[in-house]
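Read through the structure below, which is laid out as structure tokens, and then see the notes.
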Amino acid sequence: MLSKISLEGEWKLQLEEKGQGLVLPFTDVIMLPGTTSFARKGPKNEEILVGALTDEFRYEGPVWYSSEVVIPEELTGKHCCLYLERTRLTTLWLDGQEIGSRDSLNTPHVYELPQLQPGSHTLTIRVDNTGYPTKGGHMTSPDTQTNWNGITGRMELQFYGEARISGIRLKTDLSARSVQISATLESMQGATLAVSANSFNSEITHSAEEQEYIIAPGPFTIDYALGPDALLWSEFAPHLYTVSLVLKGSDGITVDRQEVIFGLKSFRAEGDKFTINGEKTFLRGKHDGLIFPLTGYAPTDVEEWVRILGISKSYGINHYRFHTCCPPEAAFTAADLLGIYMQPELPFWGTITVDTDEGHNQAEQDYLISEGYAILREFGNHPSFVMMSLGNELWGSKERIDSFLADYKAFDDRPLYTQGSNNHQWVPEVLEHDDFFSGVRFTRDRLFRGSYAMCDAPLGHVQTSLPSTMKDYDDQIVPPGFGNGEGVSVEAGGEILIQYGTEAKAVQSGSESGEWIPQVPVISHEIGQYATFPDFQEIGKYTGPLKAGNFVIFRERLESKGLGHLADAYFKSSGQLAVACYKEELEAAFRSRRLAGFQLLDLQDFSGQGTALVGVLDAFMDSKGLISPEEWRTFCNDAVLLARFPKYNYGAGETFEAHVELSCFRSGMPDAIELHWELAVEGGVRTTGSAGAFIPAGTHYIDICDLAIELPAVDRMSRTELSLRVQGTDIRKSYDLWIYPEQSDNPLEVEGIHVFTELSEEAVSLLEQGGNVLLMPEPESVQNGIEGYYCTDFWCYPMFRSISESMNRPVPIGTMGLLIDNGHPVLRDFPSEAHSTYPWWTIAQHSKSLIMDEADRSWNPIVQTIDNFERNHKLSFLTECSVGNGNLLLCVLDAAKVSRTTEGRQFLTSIAGYMNSADFQPQYQATIEEIQTLIR
């Protein structure tokens, strides 16, 4: 390129609100790059969305933009292109003459212009954000970056001489320490190409010797040697080079100059892992749907993407999967600088059909495939662009999907390809041209993720299993007995009802298949999705075109139930439970030695699809204050300490046994490490020790030692912390355990404690006579309640309630953990945090929470279950009141099942102690009728 003219600045504007086309003169202006929404153009949107953010000035339809540009004398007759980096469907006019149209959603719109004479010229661009060739996935979704209208990236006229280089493709060869440069010389005669390369982004520098090549018109390929000391690019040391391509004519004068950034690297799938430059790596990924609440569209400046990706990297992330979208070039450039592995995805979430299928849309398929080629051409030189997916949760013809993979690999074999993310959900298979597999199960019950929606049951171990640190997915990836002819067939085929986007749909599952073993790296798809209650303090942060009208509605709903004063406590307690769930989810992935990585959903909140507040960061990538990056990295990093033990709750004097191991994909680790461990009990009892371990070259899972620690005798329930640390590093881990004193097998069989499972005549009589009654109805006998559930809700209750109902499946329980008045004397012998912790797991799972919506608002539970923001029930787990002359403690609980566990007996012991104490003096006075209404 010889020169360029920026077109950024003020443009004339006209919205085509009534289909009238271009009407002159223009009556408004706008600053570009930008969008009509960001500029507050058009009528104000009066609709307030409940399931997503509201675009205050949403406009859908054609918009006309026009500007004058002055061409100087020195550029007269030069070859000229109009470059529009990020926009929608465009049509261009130059001086009133139509030039053409472009429709890429992912890549720049480039128009070849006729030779421009000096002086003023008029550019008129119509941008349309309707009638897309495909639905657009998260490129156009109101759930994410919105369906904006405008031009949001670089806008410029680019000028070239008579000879120029186009279509530059760089392919590095690690073994030869060289880069292959393929391009096209657009010229009528040959030329000399001078090539040089210099590193630029680290303290270590390297320059490759300039070389000259004689090239002929048309396509050419040259191999440029970087030298044996060339620097490598990886997540650990993202060394980058700028390669300079200088084209000289026969007279030696420069006629074109191009500069391209690249990194010398080799990213491969080898066995069950990915390798970077021959060294195994474990992908710690996050989902990204291009959510940017302050603008409504993705930034196109490198600095902002460096900030965003840098935040993710501070939480241990080394990989991004873009859900049905492709980010702007600035994102790849930032990932190049930071060392993050990028996976763009075609903007498609649907079914790949064949010609004979009903509703087959060949034009849409052709468009989607062309978008993939455009993405490869535009961004493929970036070293961070290492993977590519055909879409999200695709169904349809596996043969056609595989043919697309084959064609892409033939066109560009630099990235690794997958057929899609979680394709064919319950009946997946690895296709011939898959380089890796991304999903959540191999068959309906061979799961390798910790949480699922009710419509996608069975649920995961984080949701249903007694908490421990024993779970991994190795037996799901390669079941025991395989290779010995012990495979089990699975029924498939026929029509099945599936979750299809945010709805339900009947699809053909394909032919019958059996169990199968992946022979490529496996990535667990969209893991996590643990919801937190809204933080209404966030509302004020929405100062751009997107407004949190949904948050306002959620707050009003909560306040209408008289629960508004609990909003902050709901947010914090649900958030702490979500963090604990994420810790177990991620550690299960790191314990899985056959897994290649995961893609988290998500580190940040998702603004749409019912409003899925599943992040430890909000939608702005700001911390919610739930966990620090340093603490998060103890279970999400390139080296993670893991202790395997079967439970969190122990009796006094019991032996705590754990196996300590290290998942280690950190470059430059020493040959040997020393582990220091400590078990610290409240009250000052500490047990410490150390163990050494060797790390043989190429070893990534290190068994360090086994612990067998006799726990101390305690006279009260005591929290214990197991701390692990690799000396001289930042590698550490901690786990909370609980120790319980000796207990009665029947803690409620105490003099003075009257226990009833129903409000019988005897119970009523006791209350009228001034007795103390513990009412513990069997959960199945109570209709006015919500089933007990320890884990927080999956993704978003409104969305999956609707999907489950449409599929005639059970709806989610939808609760979000406990809010505990931990200073109440009923918990004196069962000390707790204000949020759910593992001593409550068995108790919560065998309970039911009473719906107190119709009760007096001054009657507050001691322990309540946090409901989701759609229902906002006031849910009582444990409450008390005075009835008649007596006192009542009410908890819907299967006491028999609970009392079989150490923690359950301790809970009941604490209740019994409270009821026999002078502290049992409830403040709220209830009637028998109120109690009967509650437990109906």
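As the structure is a prediction and not an experimental result, all values here were calculated from the model. Every heavy atom of this structure was used, including side-chain atoms; hydrogens, water molecules and symmetry mates were not.
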Self-check item: Identified side chain to side chain contact (heavy atoms under 4.5 Å, CB included) counterpart of Leu337 within the set Asn201, Ile261, Leu309
Solution: Asn201
Quiz item: Between Gln599 and His319, does any side-chain donor sit less than 3.5 Å from a side-chain acceptor?
Solution: yes
Quiz item: Where do Met139 and Cys325 come nearest, in terms of heavy atoms and distance?
Solution: SD-CB, 3.2 Å
Practice problem: Would you check, one step at a time, whether the test side-chain contact (heavy atoms from CB on, under 4.5 Å) holds for Tyr83 with Lys4? | Solution: CA-CA 10 Å; Tyr83 180 94; Lys4 61 184 178 182; over 6 Å; no
Self-check item: Backbone N/O of His206 and side chain of Ser199: donor-acceptor pair under 3.5 Å
Solution: yes
Practice problem: Would you please indicate yes or no on a ring centroid separation below 6.0 angstrom for Phe322 and Tyr320? | Solution: yes
Quiz item: If you measure from the Lys or Arg side-chain nitrogens to the Asp or Glu carboxylate oxygens, is any gap between Asp412 and Arg377 under 4.0 Å?
Solution: no
Quiz item: Thinking salt bridges, do Lys248 and Asp256 make one under a 4.0 Å N-O criterion?
Solution: no
Quiz item: Which atoms form the tightest heavy-atom contact between Tyr241 and Ala230, and what is the distance?
Solution: OH-CA, 3.3 Å
Quiz item: Is it true that a side-chain atom of Arg88 and a backbone atom of Trp148 form a donor plus acceptor pair closer than 3.5 Å?
Solution: yes
Quiz item: Is it the case that Asp366 and Gln362 place a side-chain donor and acceptor less than 3.5 Å from each other?
Solution: yes
Self-check item: Sequence-distant partners of Tyr160, side chain to side chain donor-acceptor pair (under 3.5 Å), two or more places apart
Solution: Gln158
Practice problem: Go through the steps for Ile168 and Thr184 under the test side-chain contact (heavy atoms from CB on, under 4.5 Å), then give the verdict. | Solution: CA-CA 7 Å; Ile168 300 169; Thr184 298; over 6 Å; no
Quiz item: Is Lys286 paired with Asp288 through a side-chain N to carboxylate O contact shorter than 4.0 Å?
Solution: yes
Quiz item: Atom CZ in Phe332, atom OG in Ser384: separation rounded to 0.5 Å?
Solution: 6.5 Å
Quiz item: So Leu405 and Leu390, side-chain contact (heavy atoms from CB on, under 4.5 Å) or not? Walk me through it.
Solution: CA-CA 8 Å; Leu405 290 176; Leu390 300 189; 4.0 Å; yes
Quiz item: Hey, would you say the Phe385 and Trp233 ring centroids sit under 6.0 Å apart?
Solution: no
Quiz item: For the side-chain hydrogen bond (donor to acceptor under 3.5 Å, both in side chains) test, which of Thr130, Thr36, Asn147 pairs with Glu60?
Solution: Asn147
Exercise. Give a yes or no answer on whether the side chain of Thr140 reaches the backbone of Lys135 with a donor-acceptor pair at less than 3.5 Å.
Key: yes
Practice problem: Give a yes or no answer on whether the side chain of Asn129 reaches the backbone of Gly61 with a donor-acceptor pair at less than 3.5 Å. | Solution: yes
Exercise. Could you tell me whether Arg414 sits above the aromatic face of Phe379, with NZ or CZ closer than 6.0 angstrom to the six-membered ring centre and within 45 degrees of the axis?
Key: no
Quiz item: Looking at Asp402, Asp434, Asp435, which one forms a salt bridge (Lys or Arg N to Asp or Glu O under 4.0 Å) with Lys409?
Solution: Asp435
Exercise. Quick one: sort the Tyr213 and Tyr224 rings into parallel, tilted or perpendicular, breaks at 30° and 60°.
Key: perpendicular
Quiz item: Do other residues, nucleotides or ligands put more than 12 heavy atoms under 6.0 Å from Glu74 CD?
Solution: yes
Quiz item: More than 12 foreign heavy atoms under 6.0 Å from CD of Glu162: is that the case here?
Solution: no
Practice problem: Inspect the surroundings of CZ in Arg177 and state if more than 12 heavy atoms from other residues, nucleotides or ligands are less than 6.0 Å away. | Solution: yes
Exercise. State whether the side chain of Ser141 and the backbone N or O of Gly137 hold a donor-acceptor pair below 3.5 Å, judged by distance alone.
Key: no
Quiz item: Please walk me through it: do Val195 and Glu210 pass side-chain contact (heavy atoms from CB on, under 4.5 Å)?
Solution: CA-CA 5 Å; Val195 182; Glu210 182 179 292; over 6 Å; no
Quiz item: Would you say Glu209 has more than 12 foreign heavy atoms packed within less than 6.0 Å of its CD?
Solution: no
Self-check item: Backbone of Ala374 reached by a side-chain donor or acceptor of Asn106 within 3.5 Å
Solution: no
Self-check item: Plane angle bin for Phe411 and Tyr373 - parallel if under 30°, tilted between 30 and 60°, otherwise perpendicular
Solution: perpendicular
Quiz item: Between Lys12 and Asp28, does a salt bridge (charged side-chain N to carboxylate O under 4.0 Å, His left out) hold up when you go through it step by step?
Solution: CA-CA 6 Å; Lys12 298 174 183 177; Asp28 204 353; over 6 Å; no
Practice problem: Answer yes if the side chains of Glu345 and Ser421 hold a donor-acceptor pair under 3.5 Å, and no otherwise. | Solution: yes
Exercise. Mind listing the closest non-hydrogen atom pair of His287 and Gly289 along with its distance?
Key: CE1-N, 3.5 Å
Exercise. Taking atom types as modelled, find out whether Glu68 and Ser120 have a side-chain donor-acceptor pair closer than 3.5 angstrom.
Key: yes
Exercise. Using a strict cut-off of less than 4.0 Å between a Lys/Arg side-chain nitrogen and an Asp/Glu carboxylate oxygen, indicate whether Lys265 and Asp173 qualify as a salt bridge.
Key: no
Quiz prompt | Residue pair Glu156 / Ser6, side-chain donor-acceptor N/O under 3.5 Å | solution = no
Practice problem: Return the orientation label for the Tyr111 and His109 ring planes: parallel under 30°, perpendicular over 60°, tilted otherwise. | Solution: perpendicular
Practice problem: Specify whether Tyr341 and Phe267 have parallel, tilted or perpendicular ring planes, treating 30° as the upper limit for parallel and 60° as the lower limit for perpendicular. | Solution: tilted
Quiz item: Do the ring centers of Trp64 and Trp93 come within less than 6.0 Å of each other?
Solution: yes
Quiz prompt | Arg126 to Tyr65, cation-pi by 6.0 Å centre distance and 45° axis angle | solution = no
